[in-house]
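Taking it in order: structure first as C-alpha cells, then the write-up.
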There are 2 protein chains.
Amino acid sequence: MPPKVLIVDDEPNIVSTLAPLLRTRGYEVSTAMSGRAALETVEREKPDLIVLDLGLPDVDGVEVCRTVRETMNVPIVVLSARGAEGDKVRALDLGADDYVTKPFGSEELLARIRAALRRREAPPASQPLVRGGLVIDRERFRVVRDGEEVRLTPKEFELLTFLARHPGRVLTHQTILKAIWGANAVDQPEHLRVLVGALRKKIEPNPSSPKYILTEPWVGYRFADV
Amino acid sequence: MPPKVLIVDDEPNIVSTLAPLLRTRGYEVSTAMSGRAALETVEREKPDLIVLDLGLPDVDGVEVCRTVRETMNVPIVVLSARGAEGDKVRALDLGADDYVTKPFGSEELLARIRAALRRREAPPASQPLVRGGLVIDRERFRVVRDGEEVRLTPKEFELLTFLARHPGRVLTHQTILKAIWGANAVDQPEHLRVLVGALRKKIEPNPSSPKYILTEPWVGYRFADV
DNA sequence: CGATTTTCTTACGGACTCTTTACGCCTTTC
DNA sequence: GAAAGGCGTAAAGAGTCCGTAAGAAAATCG
C-alpha cells in the first residue's frame with residue numbers, strides 16, 4: 001500500500017511538477033490549490049503526509065497546519081518562500097515536521113518526505129500520544145484522562161498504546177493477541193476480552209458505552225478516531 | 001548576543017536540516033562533521049552548547065564528550081541511534097547533559113536545547129543537582145538533605161545521580177541495572193531492590209512513603225518531578 | 001593482617017497482577 | 001424459534017513483584 005501524499009500549493013507549475021515526480025517514486029498523490037480545498041481533501045483522503053505551501057490565497061497555510069494538527073497526526077512538510085522565517089517558525093511551532101525553502105531541489109524535498117514518513121512510522125517514545133481527552137506518555141508510563149492521572153498495569157498500558165497508535169483502524173483479535181501476548185496466544189481471545197474490560201473500566205467515562213475502545217463485532221477492536 | 005551552538009554529525013542531511021532550523025530560532029550555528037573537526041571548532045568558537053552525534057567516523061563521540069568535558073563546562077546534548085543504550089549511558093556518565101534518540105522531532109530537540117541552556121545559565125560554576133530539598137554535588141561526592149549532609153556509599157550515590165538526572169522520567173529496571181551494574185546484571189533485580197531500600201532509608205524523610213524515589217510497579221523507578 | 005565498611009545473596013510476607021473459569025446476554029445462523 | 005458462539009463481567013487461584021531483614025562474601029582501610 002503506497003503512502004498517500006497531498007500537495008497543497010496555489011502555483012500551478014509547482015503542482016504540475018511535483019505530482020508526476022512523486023507518482024514516479026511510487027506515491028499516491030492528490031492535490032489541492034487552496035486552503036479550503038486542502039482541508040476538505042485531508043478529511044476525505046486521510047493522506048499519510050501533506051506537503052503544504054504557506055502562501056495560500058484563502059485560508060492561511062499556518063491556519064491549515066493548525067486545523068489539521070487538531071484532528072490528525074499526519075506529518076506535514078511545509079514549503080515556504082525564502083525570507084518568510086516567521087511563518088516557518090510558526091508552522092513548526094504548530095506541529096509541522098519539516099520545511100523546505102523555495103526554490104528547492106526535487107531530491108531534497110523527496111528526502112524530507114521519506115524522513116517524515118519514516119519518523120512517523122516509529123515515533124520516538126519521548127512525545128506523548130494525545131487522543132481526545134487521553135494523554136498517553138510512554139516515557140513516563142503514565143496516562144491522563146481529562147486532567148487526572150489513571151493508573152494502568154503494564155499489560156493494560158501495552159494494549160492501550162498499541163490501539164492508540166492506529167486510531168480509526170480496526171485491529172483484529174489475532175493481530176492484538178500476537179502483539180501483546182505473542183504468537184502462541186492467538187487462539188485465546190478470552191485474554192483480550194478480560195483485558196479490554198479492565199482497561200475500559202479505567203479509562204472510559206462510561207465503560208458500558210465506550211468512547212475510546214470500540215468493539216468491532218466478530219472482527220476485533222478499534223480505537224476511536226481522535 | 002545569541003547563544004552559539006555547535007552541531008557535530010557526519011550525516012549531511014541531519015546537519016543541513018538542523019543548522020537552518022536553529023538559525024531561524026535565533027541561534028548562531030557552526031557545524032562539524034567529524035570528531036577531529038569538532039574538537040578544533042570547540043577550541044576556536046567556544047560554543048555555548050554542543051549537539052553531538054555519537055556515531056562519528058574518526059574520533060568516537062563518547063571520546064569527544066570526555067575530551068571537551070576535561071577542559072570546558074559547555075552543555076552537551078547527545079544524539080544517539082535507537083538501541084545504543086550503552087553509548088547513551090556512557091555519554092551521560094561522562095558529563096553529557098541530555099540525549100535525544102534518532103529519529104527525533106525538531107521540536108523535541110529544540111526543547112532539550114532550550115532546557116540545557118536554561119539549566120546552565122542558572123547555577124554559575126560546575127553546578128550541583130538540586131531537586132527539592134536535595135542537593136547532589138557530583139564533584140565533591142556529597143549529598144545534602146534539608147541542610148544536613150548525608151553519607152552515601154558509592155553505589156548509592158551512583159544510583160541517586162542516575163535517577164536524579166532524569167526527574168519525572170521512568171527508568172526501567174533493565175536500564176538502571178545496566179547503568180549501575182553493567183549489562184550482565186540486567187536479570188538480577190534483587191540488587192536494585194536492596195539498593196533502593198538502602199538509599200531511601202538515608203535520603204527519604206519517610207522511607208515508607210517515598211518523596212523522591214518513586215516506585216513504578218512492574219516497570220521501574222522514577223525520580224519525582226522537581 | 002585484622003577491623004570496618006560495602007556489596008551481594010537469600011528468604012519471606014504482603015500486595016498486586018495475570019490467567020483461567022464460569023455464566024448471562026446478545027447477535028448470528030440454521 | 002432453537003442452537004451456537006461471540007462479548008462483557010465477575011471471581012478464584014496461581015504467579016509475580018516489592019520492600020525488608022539478616023547473614024555471607026568481598027572490598028577497603030588502617
Give a yes/no answer on whether the side chain of [X] brings an N or O atom under 4.0 Å of OP1 or OP2 in [N].
X: B:Lys201; N: D:dA21; result: yes
X: B:His173; N: D:dC18; result: yes
X: A:Arg193; N: C:dC18; result: no
X: A:Trp181; N: C:dC18; result: no
X: B:Thr153; N: C:dT5; result: no
X: A:Arg200; N: D:dG8; result: yes
X: B:Tyr221; N: D:dG19; result: yes
X: A:Thr215; N: D:dG8; result: yes
X: B:His191; N: C:dT7; result: no

Which is true for [X] with a 4.0 Å heavy-atom rule: it touches a base, it touches only sugar-phosphate, or it touches nothing?
X: B:Pro154; answer: sugar-phosphate
X: A:Val194; answer: base
X: B:Glu156; answer: nothing

Please figure out whether B:Gly197 or B:Trp218 has its closest DNA chain D nucleotide nearer the 5' end.
-> B:Trp218

Separation of atom [atom1] in [X] from atom [atom2] in [N], rounded to whole Å:
X: B:Asp187; N: D:dT16; atom1: CG; atom2: C1'; result: 16 Å
X: B:Ile213; N: D:dC18; atom1: CD1; atom2: C1'; result: 15 Å
X: A:Arg151; N: D:dC17; atom1: CZ; atom2: P; result: 16 Å
X: B:Leu152; N: C:dT7; atom1: CG; atom2: P; result: 10 Å
X: B:Glu204; N: D:dC18; atom1: CD; atom2: C1'; result: 15 Å
X: A:Leu192; N: C:dT19; atom1: CG; atom2: P; result: 12 Å
X: B:Lys202; N: C:dT6; atom1: NZ; atom2: C1'; result: 9 Å
X: A:Leu159; N: C:dT19; atom1: CG; atom2: P; result: 12 Å

Distance, nearest 0.5 Å, that separates [atom1] of [X] from [atom2] of [Y]:
X: A:Arg193; Y: A:Thr215; atom1: CZ; atom2: OG1; result: 11.5 Å
X: B:Thr172; Y: B:Lys178; atom1: OG1; atom2: NZ; result: 8.0 Å
X: A:Arg165; Y: A:Leu160; atom1: CZ; atom2: CG; result: 10.5 Å

Which heavy-atom pair separates [X] from [Y] by the least distance, and what is that distance?
X: A:Arg200; Y: A:Pro210; result: NE-CG, 3.4 Å
X: A:Tyr212; Y: A:Gly133; result: OH-N, 3.3 Å
X: B:Leu163; Y: B:Phe223; result: O-CB, 3.4 Å

B:Lys155 has a side chain; which of C:dT6, C:dT7, C:dT21 sits nearest to it?
-> C:dT7

5' precedence on DNA chain C between A:Glu190 and B:Gln188 (nearest-nucleotide basis) = B:Gln188

